[in-house]
Structure formats: C-alpha cells, structure tokens
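First the structure, in the form of structure tokens, and then the observations on it.
The chain is numbered in sequence order, starting from 1. Quantities reported herein were computed from a predicted structural model and do not represent experimental measurements.
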Amino acid sequence: MFKKGKSVSSVVHSAVQPFPVVILGGTTEATSLCKHLEQDARFNATLSLAGVTRAPHLPDLPVKIGGFGGVQGLKNWLQENGIRAVVDATHPFAATMSHNAATACTDLALPLLRLERPAWQPTGQDNWHAVASLAEAAMALANPDGWGKTPLTVFLTTGRKDTRPFQDAPRHHYILRSIEAPDEAALPPHTTLITARGPFGLDDELRLLRAYEVDVLVTKNSGGDATFPKLQAARILNIPVIMIERPHPSPAPVVATAEDALQWLLRHQSASTLRDV
C-alpha cells in the first residue's frame with residue numbers, strides 16, 4: 001500500500017535505474033551531448049575517447065580513454081558495462097571506429113545513433129577538387145600534368161597522423177598545422193610545422209595564407225564552423241582546395257545536433273523504462 005500523497009508514477013520513477021549509454025566521442029558535438037547528460041539523472045553516460053589528443057577537454061562524466069581492441073573487444077565492453085544504447089559521435093573520418101560500432105551494435109541488437117555534423121558544400125565562388133582519399137590527394141599533387149608540374153606551397157590541414165601519403169609528392173613545400181607535433185618520419189621532406197589549437201578566425205586564416213604564399217589547400221570535409229574560415233579565406237584569395245570527401249557512412253540513423261541526439265536517447269530510455277516496469 002502506498003502512503004497518502006505519494007503517486008504510483010512517482011514511486012515507479014524513483015525505482016527506475018539510470019539508462020546506461022556510451023558516447024563514442026572526439027568531436028564538438030560529442031562534447032555538447034555530454035554537457036546535456038552530465039546532470040541528467042535519467043542516464044548513466046560514459047564518454048569513450050580514442051586517446052589521440054594528449055590533453056582532451058573532459059566532461060563531468062566517467063571517461064574511457066583508449067581503444068577497445070576491435071569489434072570483439074567493443075562487444076565485450078558493451079556487455080560488461082550493461083550498455084543499452086550507443087551514440088557514435090566520432091570524427092566523420094573515424095571510419096574504422098564507426099564500422100566497429102555498427103557491427104557490434106548489430107550483433108548485440110543495441111540501438112545505435114550517428115551524431116555527425118553536415119558536410120561542407122561548395123559555392124559557385126569556390127574552386128574545389130574532390131578526391132576520395134588521402135592517397136588520391138597526394139596523387140593529384142604528384143601529377144606531372146597538373147599540380148606536380150612545378151613546386152608549390154601546400155597548406156596541409158589533414159591532421160598530424162595523415163601526412164605519410166604526401167611523401168609521394170615530395171617536390172612541394174608543405175605548411176602543416178596540427179594541435180600536436182607529428183611523427184617526423186611521416187612528414188614530406190619539405191615541411192614547415194605550425195603547432196596551434198583552433199578555432200581560427202577568418203582574419204587569422206587570411207594572414208597565414210598570405211604570409212606563406214599558399215598555392216593549394218588540402219583538407220578533409222569535416223564540416224562544422226570551427227575550421228570553416230580557412231575555406232572562406234581560400235575563396236577570397238582564389239586558392240584551389242583539394243577536398244577529401246567523407247568515407248561511406250555506417251548503416252545507422254543520423255542526426256546533426258546534440259539536442260536531436262538527446263531526444264533519441266530519451267525515446268529509448270522511455271521505451272526501456274516501460275519494458276522494465
């Protein structure tokens with residue numbers, strides 16, 4: 001028998017356990033979702049980071065840093081921690097992790113959501129040359145009938161772990177900007193390293209492109225606002241862009257904002273609560 005003044009719904013709500021979820025992070029969208037979940041007692045959320053950045057900004061949530069050991073390792077971790085839903089908010093180019101998450105969630109019948117910012121789209125004023133991979137970007141720079149004809153200054157913003165393919169186009173001078181220093185053995189022979197953490201404004205990007213007399217910009221289609229000014233600067237200065245397109249998406253529903261991801265989680269949390277009551 002319930003005490004007077006205490007509703008059945010409130011008793012049921014107090015008995016409901018927090019919904020265990022994991023956020024596969026590494027993006028601003030993941031950070032935003034974690035902020036929503038930090039003080040939400042309906043969820044028991046864990047953030048997983050690959051550990052690529054040495055000093056990441058961590059939320060007030062349990063954090064797992066480091067890989068899982070492939071699909072089987074991820075499946076084991078999900079089962080051991082009783083995870084009920086997964087949000088893949090990794091970088092748009094973290095294809096291996098997204099593939100592993102999709103496979104693991106399919107095998108375990110877990111709901112999976114992809115939280116991914118929209119890709120950039122060129123305007124009529126942009127001079128973009130789309131390629132499918134880092135290797136294709138390097139091949140374009142090495143092509144003797146194209147950019148490989150004469151030495152150029154190339155602004156390389158593909159990340160510190162993705163420089164090795166450009167060793168196949170060694171005649172150019174590369175300006176590499178990275179948060180942390182890369183492995184020197186993976187750099188093209190003529191590379192100037194700039195270690196800096198964004199975001200970078202339009203004035204900053206215009207100043208850099210002019211100071212180094214950049215001829216070509218190479219970047220990944222990461223999307224978002226934080227690194228978009230470099231594309232605006234290239235547009236203003238009529239600098240061509242070799243744009244590496246995103247890998248094929250994983251077979252999961254996709255949302256573009258942390259708010260939409262939270263609503264998705266709430267629907268699954270509510271459905272799980274009704275099943276458990």
Side-chain angles (χ1 to χ4, degrees), residues 20-38 43 45-59 61-78 81 83-108 110-120 132-134 157-162 178-180 197-199 219-228 243-265 268:
V21 302
V22 63
I23 314 303
L24 306 177
T27 60
T28 54
E29 290 75 23
T31 300
S32 180
L33 178 57
C34 287
K35 289 185 182 297
H36 286 296
L37 296 175
E38 282 176 342
F43 296 98
T46 298
L47 172 65
S48 170
L49 295 173
V52 175
T53 302
R54 293 190 179 91
H57 299 296
L58 300 179
L61 291 173
V63 178
K64 179 192 180 304
I65 296 181
F68 292 94
V71 173
Q72 189 57 52
L74 176 57
K75 288 169 61 175
N76 292 342
W77 188 90
L78 293 172
N81 290 273
I83 299 300
R84 305 286 291 273
V86 178
V87 177
D88 176 12
T90 56
H91 192 274
F93 284 81
T96 299
M97 187 67 248
S98 291
H99 170 77
N100 290 351
T103 302
C105 288
T106 297
D107 290 350
L108 299 177
L110 287 176
L112 170 67
L113 178 72
R114 175 68 180 158
L115 172 55
E116 182 176 272
R117 66 187 84 123
W120 294 314
S133 65
L134 289 161
T157 63
T158 55
R160 67 183 177 91
K161 298 180 70 176
D162 294 320
S178 175
I179 296 175
E180 297 170 0
R197 182 187 293 271
T219 193
K220 297 176 178 178
N221 197 332
S222 301
D225 297 330
T227 59
F228 184 68
M243 181 65 72
I244 303 168
E245 297 297 348
R246 295 179 177 185
H248 294 298
S250 61
V254 180
V255 297
T257 68
E259 290 72 24
D260 287 340
L262 178 61
Q263 292 305 310
W264 181 88
L265 284 172
H268 284 279

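- Judged by distance alone, with hydrogens and angles left aside, the side-chain atoms of Asn81 form a donor-acceptor pair with the main-chain N or O of Trp77 at under 3.5 Å.
- In plain terms, the two heavy atoms of Ile23 and Ala30 that are nearest each other are CG2-CB, 4.2 Å.
- Taking both residues in full, the closest heavy atoms of Leu37 and Phe43 are given as CD2-CD1, 3.7 Å, listed atom of the first, atom of the second, then distance.
- Between the side chain of Arg117 and the main chain of Ser222, a donor-acceptor pair closer than 3.5 Å is present.
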Problem - Residue pair Met97, His91: steps toward the side chain to side chain contact (heavy atoms under 4.5 Å, CB included) verdict - result: CA-CA 9 Å; Met97 187 67 248; His91 192 274; over 6 Å; no
Handout entry: Leu115 vs Asp260, side chain to side chain contact (heavy atoms under 4.5 Å, CB included): CA-CA, chis, key distance, verdict
Key = CA-CA 9 Å; Leu115 172 55; Asp260 287 340; over 6 Å; no
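- Side-chain atoms of Glu180 and Arg160, non-hydrogen and from C-beta on, do get closer than 4.5 Å to each other.
- Surrounding NE2 of His99 are at most 12 heavy atoms belonging to other residues, nucleotides or ligands under 6.0 Å away.
- Sorted by first then second residue, the salt bridge (charged side-chain N to carboxylate O under 4.0 Å, His left out) pairs that include residues 86-107, not counting sequence neighbours, are Lys75-Asp107, Asp88-Arg114.
- Between the side chain of Thr106 and the main chain of Ala102, a donor-acceptor pair closer than 3.5 Å is present.
- Remark: of the listed residues Val63, Val87, Leu47, Leu47 is the sole one forming a side-chain contact (heavy atoms from CB on, under 4.5 Å) with Cys34.
- Judged by distance alone, the side chain of Thr27 and the main-chain N or O of Ala89 form a donor-acceptor pair under 3.5 Å.
- At least one donor-acceptor pair closer than 3.5 Å links the side chain of Lys64 to the backbone N or O of Gly67.
- Counting heavy atoms from C-beta outward, Thr46 and Leu61 have side chains that stay 4.5 Å or more apart.
- In terms of modelled atom types and a separation under 3.5 Å, the side chain of Asn221 and the main chain of Trp120 share a donor-acceptor contact.
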